[in-house]
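Within every chain, numbering begins at 1; the chains are lettered A, B, ... in the order of the sequence lines, protein sequences first and strands thereafter.
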Number of protein chains: 2
Amino acid sequence: MPSNKPKRKDAIQTRAALLAAAGQAFAQYGFQNANVRRICADAGVNLGAISHYFGTKEALYREVLVLAHQELLAMEPVPRMEPGDDPVAAFRRAVGYMLRFTLVRRTNHPHAGRIIAREIREPTAALDELISRVMQPVRQEMVRIVGALLSPSDGLALREQCTNFVIGLCVFPELGGEVLKRFGQPVPRTEEEVAAFAGIVAEFALGGIRQLAALNA
Amino acid sequence: MPSNKPKRKDAIQTRAALLAAAGQAFAQYGFQNANVRRICADAGVNLGAISHYFGTKEALYREVLVLAHQELLAMEPVPRMEPGDDPVAAFRRAVGYMLRFTLVRRTNHPHAGRIIAREIREPTAALDELISRVMQPVRQEMVRIVGALLSPSDGLALREQCTNFVIGLCVFPELGGEVLKRFGQPVPRTEEEVAAFAGIVAEFALGGIRQLAALNA
DNA sequence: AACCATATTATACATTTGTATAAGATAAAC
DNA sequence: GTTTATCTTATACAAATGTATAATATGGTT
């Protein structure tokens with residue numbers, strides 16, 4: 001039976017080590033291909049610890065996923081566009097946010113972005129929770145901002161369509177990173193590289209949105 | 001030892017059934033999670049057939065992958081921009097091509113596009129061959145076309161960058177299809193839906209390219 | 001019709017993997 | 001210091017899986 005409240009401090013250390021090692025493994029290999037024996041070895045923990053603390057591999061994965069995105073959101077909340085804000089500036093901020101989210105390998109969170117990207121590529125049963133708690137709010141905000149960039153006469157469908165394109169532009173570098181690397185187009189990873197890249201992506205997307213708005217008029 | 005030239009006609013039937021079932025399985029579950037017993041069962045073939053005809057699961061996978069993209073390219077060659085062609089028209093054609101390639105579930109090729117998309121998401125040892133034989137040529141052509149859209153003063157880096165964006169826009173619907181579906185944004189699948197979608201994607205991308213070209217000037 | 005190469009079948013084997021648990025070790029409570 | 005809750009260890013087990021092969025069946029050739 002998994003215990004939710006560890007009663008001794010060595011227990012919370014063991015749990016933490018397990019969660020950290022599991023996060024790395026799941027981010028790198030995916031749920032199926034991650035190996036519980038290796039996770040335990042990396043964590044410096046006995047194999048039985050997974051049964052003891054989490055019950056099953058899947059329960060461990062769920063906990064890793066939830067924890068990762070909670071911490072990620074806590075350290076960098078979704079930027080909201082307030083009334084009076086410049087939509088273009090808000091859009092640039094939002095693009096930067098999404099790109100940082102997936103691309104930057106944070107020292108304090110080496111696997112959070114990667115594990116979420118993996119859930120996009122290879123959905124598991126945990127995807128729905130991840131969508132409703134993390135992705136949907138981010139997307140909603142992006143739809144609002146794109147709506148502000150378009151004219152009020154543009155329909156919801158166009159707003160959603162443009163949002164999809166923007167999300168695609170922001171997520172593809174991570175999803176297709178291996179292929180881009182082999183094309184000689186390595187993906188930016190540091191905070192500065194990603195910021196510069198985000199500027200270009202935002203301009204490209206702005207041009208696209210304006211083009212579709214013009215055609216729609 | 002796998003035999004390369006089947007000597008009897010029931011052999012080529014068995015091989016073909018195996019390749020078809022394996023294609024489905026690899027496209028749906030990926031290399032690791034595809035199950036050889038299930039593949040053989042679906043193919044109506046004995047388990048030993050994989051050893052007999054291909055040797056190993058990995059060899060079977062390679063053959064499936066190569067066959068899939070050979071046939072796909074044979075039935076629809078990469079559209080080339082000839083001298084004198086309108087770059088914008090060529091661009092629209094190329095975008096349509098890439099989107100059809102990944103999105104349309106052809107009746108004669110139910111898994112080719114999917115298996116290639118999967119290779120992008122989860123690269124295996126076979127990715128390099130796939131890149132050099134299929135993706136690189138398509139990308140090269142896209143770089144040429146994008147170059148024609150930009151002014152000659154724009155550098156190679158900008159051409160490559162724009163091309164990456166276009167590829168991202170075209171591949172993301174397949175890569176992130178499950179997520180888009182949960183966002184209430186189902187991905188177009190039929191020939192007609194994809195054609196309409198391709199028109200929008202092309203306009204969006206054209207707007208983006210022009211924006212970056214203007215900024216660069 | 002007899003023969004031989006080749007395809008098919010059934011089965012076995014070795015690994016890997018997730019899970020469970022009994023026995024032992026250890027820290028906190030009394 | 002003894003007791004007790006709980007963490008850790010070592011080990012076992014069953015299921016799944018890729019691979020290999022001896023035995024059998026079968027189609028083509030002479």
Exercise for the section: Considering just the side-chain nitrogens and oxygens of B/Thr14, establish if one lies under 4.0 Å of OP1 or OP2 belonging to C/dT8. Expected result: yes
Practice task
May I ask you to evaluate whether A/Tyr53 reaches the phosphate of D/dT8, defined as a side-chain N or O under 4.0 Å from OP1 or OP2?
Solution key: yes
Fill in the blank from the handout: Quick note, salt bridge (charged side-chain N to carboxylate O under 4.0 Å, His left out) partners involving residues 169-188 of chain B, not counting sequence neighbours, are A/Asp128-B/Arg182, B/Arg105-B/Glu174, B/Glu174-B/Arg189, B/Glu178-B/Lys181, B/Glu178-B/Arg182
Fill in the blank from the handout: Residues pairing under salt bridge (charged side-chain N to carboxylate O under 4.0 Å, His left out) where one sits in residues 19-42 of chain A, two or more places apart or in two chains, turn out to be none
Handout entry: Partners meeting salt bridge (Lys or Arg N to Asp or Glu O under 4.0 Å) with B/Arg121 (sequence neighbours left out)
Key = none
Practice task
Return the residues of residues 17-30 of chain A meeting this criterion: a heavy atom under 4.0 Å from some atom of DNA chain D. Order them by number, or give none.
Solution key: none
What is the distance, to the nearest angstrom, from the [atom1] atom on [X] to the [atom2] atom on [N]?
X: A/Gln13; N: C/dA27; atom1: CD; atom2: C1'; value: 13 Å
X: B/Phe54; N: D/dA20; atom1: CZ; atom2: P; value: 15 Å
X: B/His52; N: C/dA5; atom1: NE2; atom2: P; value: 14 Å
X: B/Ile12; N: C/dT8; atom1: CD1; atom2: P; value: 11 Å
X: A/Glu58; N: C/dT19; atom1: CD; atom2: P; value: 9 Å
X: A/Ile50; N: D/dC7; atom1: CD1; atom2: P; value: 16 Å

Handout entry: B/Gln185 side chain to A/Glu160 side chain, donor-acceptor N/O pair below 3.5 angstrom
Key = yes
Completion exercise
For B/Cys40 and B/Leu47, the nearest pair of non-hydrogen atoms, with its separation, is SG-CA, 3.7 Å
Handout entry: Nearest-nucleotide comparison on DNA chain D, the residue closer to the 5′ end among A/Gly44 and B/Asn46
Key = A/Gly44
Completion exercise
Of the listed C/dT8, D/dT19, C/dA7, the closest approach to the B/Ala11 side chain comes from C/dA7
Exercise for the section: Please work out whether the ring planes of A/Phe26 and A/Tyr61 are parallel, tilted or perpendicular, with thresholds of 30° and 60°. Expected result: perpendicular
Practice task
Mind telling me whether B/Phe101 and B/Tyr97 have parallel, tilted or perpendicular rings, with 30° and 60° as the class edges?
Solution key: tilted
Practice task
Answer whether the closest heavy-atom distance between the side chains of B/Arg92 and B/Glu203 falls below 4.5 Å.
Solution key: yes
Show me the donor-acceptor pairs within less than 3.5 Å that the side chains of residues 72-79 of chain A make with the rest of the protein, sequence neighbours left out.
unit_1: A/Glu76; atom_1: OE1; unit_2: A/Arg106; atom_2: NH1; d: 3.3
unit_1: A/Glu76; atom_1: OE2; unit_2: A/Arg100; atom_2: NE; d: 2.8
unit_1: A/Glu76; atom_1: OE2; unit_2: A/Arg100; atom_2: NH2; d: 2.4

Mind listing the N/O atom pairs, protein and nucleotides 16-18 of chain C, below 3.5 Å?
unit_1: C/dT17; atom_1: OP1; unit_2: A/Asn35; atom_2: ND2; d: 3.4
unit_1: C/dT17; atom_1: OP2; unit_2: A/Asn35; atom_2: ND2; d: 2.6
unit_1: C/dT17; atom_1: O5'; unit_2: A/Asn35; atom_2: ND2; d: 3.4
unit_1: C/dG18; atom_1: OP1; unit_2: A/Ala34; atom_2: O; d: 3.0
unit_1: C/dG18; atom_1: OP1; unit_2: A/Lys57; atom_2: NZ; d: 2.5
unit_1: C/dG18; atom_1: OP2; unit_2: A/Val36; atom_2: N; d: 3.0
unit_1: C/dG18; atom_1: N7; unit_2: A/Arg37; atom_2: NH1; d: 2.8
unit_1: C/dG18; atom_1: O6; unit_2: A/Arg37; atom_2: NH2; d: 2.8

